[in-house]
Amino acid sequence: MRIVNANDVEELQWESPSGRFRGAGRQLSEALGREPDSTDLRKRHPFDVELARILPGTVPFPFHAHSAQWEFYHVVSGTGTVRDDSGTHAIGPGDTFLFKPGEAHQLASDAMSEIVLLVVADNPIGEACFYPDSGTWSVPLPDRQIIRGERTTYEDEL
């Protein structure tokens, strides 16, 4: 057994080129030995756990739906909103919600409150992502690639 303290795990921060999307997180599963690029499920782990942080007044990612991935969220602290196909909903400490494959979602923190979430995802091999607002897809492209369409950037998603 391996024990890792989340406070000892390096926090990774990300930001899109224009700063429209940004966030931070501690990749707890990887700290416990998860190898995300492995196709061996014993090394890949059946799920991925992240302690995510959304800075005040920010959105970490565009409105999107995973093709095969399940995502579980638990709000540890702070307040914000979660958008789904039915609208935008307030969230706060203790709230827990789940998105199954094909359910579009987007999170945001309140202007004055950072939000901290525990995120658990199964991260299936070959996962693709659809962005309903722009009608575009993000797909993993292995060595053999057959695609049709125009290349776009993360910035174009809203």
Side-chain angles (χ1 to χ4, degrees), residues 4 6-7 9-32 34 36-37 44-141 147-158:
V4 173
N7 295 319
V9 176
E10 178 185 2
E11 182 179 78
L12 303 176
Q13 296 186 8
W14 65 90
E15 183 173 333
S16 62
S18 73
R20 180 185 296 172
F21 304 109
R22 61 185 168 131
R26 297 176 191 272
Q27 309 305 311
L28 303 181
S29 295
E30 290 178 30
L32 287 168
R34 178 179 185 268
D37 295 328
R44 185 179 177 83
H45 296 181
F47 53 84
D48 192 24
V49 180
E50 176 185 10
L51 191 58
R53 192 166 60 89
I54 306 172
L55 303 174
T58 63
V59 176
F61 42 75
F63 189 56
H64 67 286
H66 298 278
S67 64
Q69 178 172 286
W70 290 77
E71 286 183 328
F72 165 90
Y73 292 86
H74 175 76
V75 181
V76 176
S77 63
T79 56
T81 58
V82 61
R83 176 184 171 201
D84 67 4
D85 288 330
S86 70
T88 301
H89 313 276
I91 55 173
D95 287 339
T96 302
F97 43 97
L98 177 75
F99 292 104
K100 59 185 173 184
E103 290 183 336
H105 55 283
Q106 181 180 45
L107 281 74
S109 62
D110 288 339
M112 301 302 290
S113 176
E114 169 181 282
I115 190 167
V116 176
L117 305 123
L118 184 64
V119 184
V120 180
D122 62 348
N123 289 327
I125 295 170
E127 164 67 8
C129 203
F130 177 64
Y131 300 96
D133 291 341
S134 63
T136 59
W137 284 87
S138 170
V139 295
L141 298 174
I147 60 172
R148 182 174 292 157
E150 294 181 26
R151 184 179 177 96
T152 187
T153 67
Y154 202 61
E155 288 301 305
D156 296 326
E157 306 308 323
L158 229 185

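Computed over heavy atoms, backbone and side chain alike; hydrogens, waters and symmetry mates excluded. Nothing fancy with the numbering, it's 1 onward along the sequence. Being a predicted model, the structure only gives us computed values, none of them experimental.
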Short N-O contact, Lys100 and Asp122, less than 4.0 angstrom | no
Do Gln69 and Glu127 get their side chains close enough for a donor-acceptor pair, meaning under 3.5 Å?
-> no
To the nearest 0.5 Å, atom CG of Leu28 lies from atom CG of Asp48 at 8.5 Å
Should Asn123 and Arg34 be marked as a side-chain contact (heavy atoms from CB on, under 4.5 Å) after you check the CA-CA gap, both sets of side-chain angles, and the distance that decides it?
-> CA-CA 12 Å; Asn123 289 327; Arg34 178 179 185 268; 3.5 Å; yes
If you round to the nearest 0.5 Å, how far is CZ of Phe47 from OG of Ser29?
-> 6.5 Å
Please determine if Arg53 and Glu11 form a salt bridge, counting it only when a charged side-chain N lies under 4.0 Å from a carboxylate O.
-> yes
Closest approach of Gly25 and Glu50, non-hydrogen atoms and distance?
-> CA-OE2, 3.4 Å
On a heavy-atom basis, the closest approach of Asn7 and Arg26 is O-NH1, 3.8 Å
Determine whether Phe130 and Ser67 make a side-chain contact, defined as any pair of heavy atoms from C-beta on separated by less than 4.5 Å.
-> no
Rounded to the nearest 0.5 angstrom, the CG-CD distance for Leu12 and Glu10 is 5.5 Å
Can Val75 and Ile115 be said to form a side-chain contact (heavy atoms from CB on, under 4.5 Å), step by step?
-> CA-CA 7 Å; Val75 181; Ile115 190 167; 3.9 Å; yes
Verify the distance criterion only: is there a donor paired with an acceptor across the side chains of Glu71 and His105 at less than 3.5 Å?
-> yes
With rounding to the nearest 0.5 Å, note down the distance linking CG in Leu51 to CD in Gln27.
-> 9.5 Å
State the NE2-CG distance between His89 and Asp84, to the nearest 0.5 angstrom.
-> 3.5 Å
Are any of the side-chain heavy atoms of His66 and Pro101 separated by less than 4.5 Å?
-> no
Under the side-chain contact (heavy atoms from CB on, under 4.5 Å) rule, what do Tyr131 and Gln106 come out as? Steps first, then yes or no, please.
-> CA-CA 10 Å; Tyr131 300 96; Gln106 181 180 45; over 6 Å; no
Verdict with reasoning, Ser109 to Glu114, per side-chain contact (heavy atoms from CB on, under 4.5 Å) | CA-CA 6 Å; Ser109 62; Glu114 169 181 282; 6.0 Å; no
In this structure, CZ of Arg44 is separated from CG of Asp37 (nearest 0.5 Å) by 7.5 Å
So do the side chains of Val9 and Val4 get within less than 4.5 Å of each other, counting heavy atoms only?
-> yes
Would you call the rings of His74 and Phe72 parallel, tilted or perpendicular, where under 30° means parallel and over 60° means perpendicular?
-> parallel
Non-neighbouring partners of His45 that pass ring-ring contact (aromatic ring centres under 6.0 Å, His included), sequence neighbours left out | none
Side-chain donor/acceptor of Thr79 to backbone N/O of Asp110, under 3.5 Å | no
Flag side-chain contact, heavy atom, 4.5 Å: Met112 against Pro56 | no
Are any of the side-chain heavy atoms of Pro60 and Trp14 separated by less than 4.5 Å?
-> yes
Please name the pair of heavy atoms, one in Gly78 and one in Ser113, separated by the smallest distance, quoted to 0.1 Å.
-> CA-OG, 3.3 Å
Answer yes or no: is there a side-chain heavy-atom contact under 4.5 Å between Phe63 and Leu107?
-> no
For the residue pair Phe99 and Tyr73, does the interplanar ring angle fall in the parallel (under 30°), tilted (30 to 60°) or perpendicular (over 60°) class?
-> perpendicular
Close side-chain approach of Leu117 and Val76, heavy atoms under 4.5 Å = no
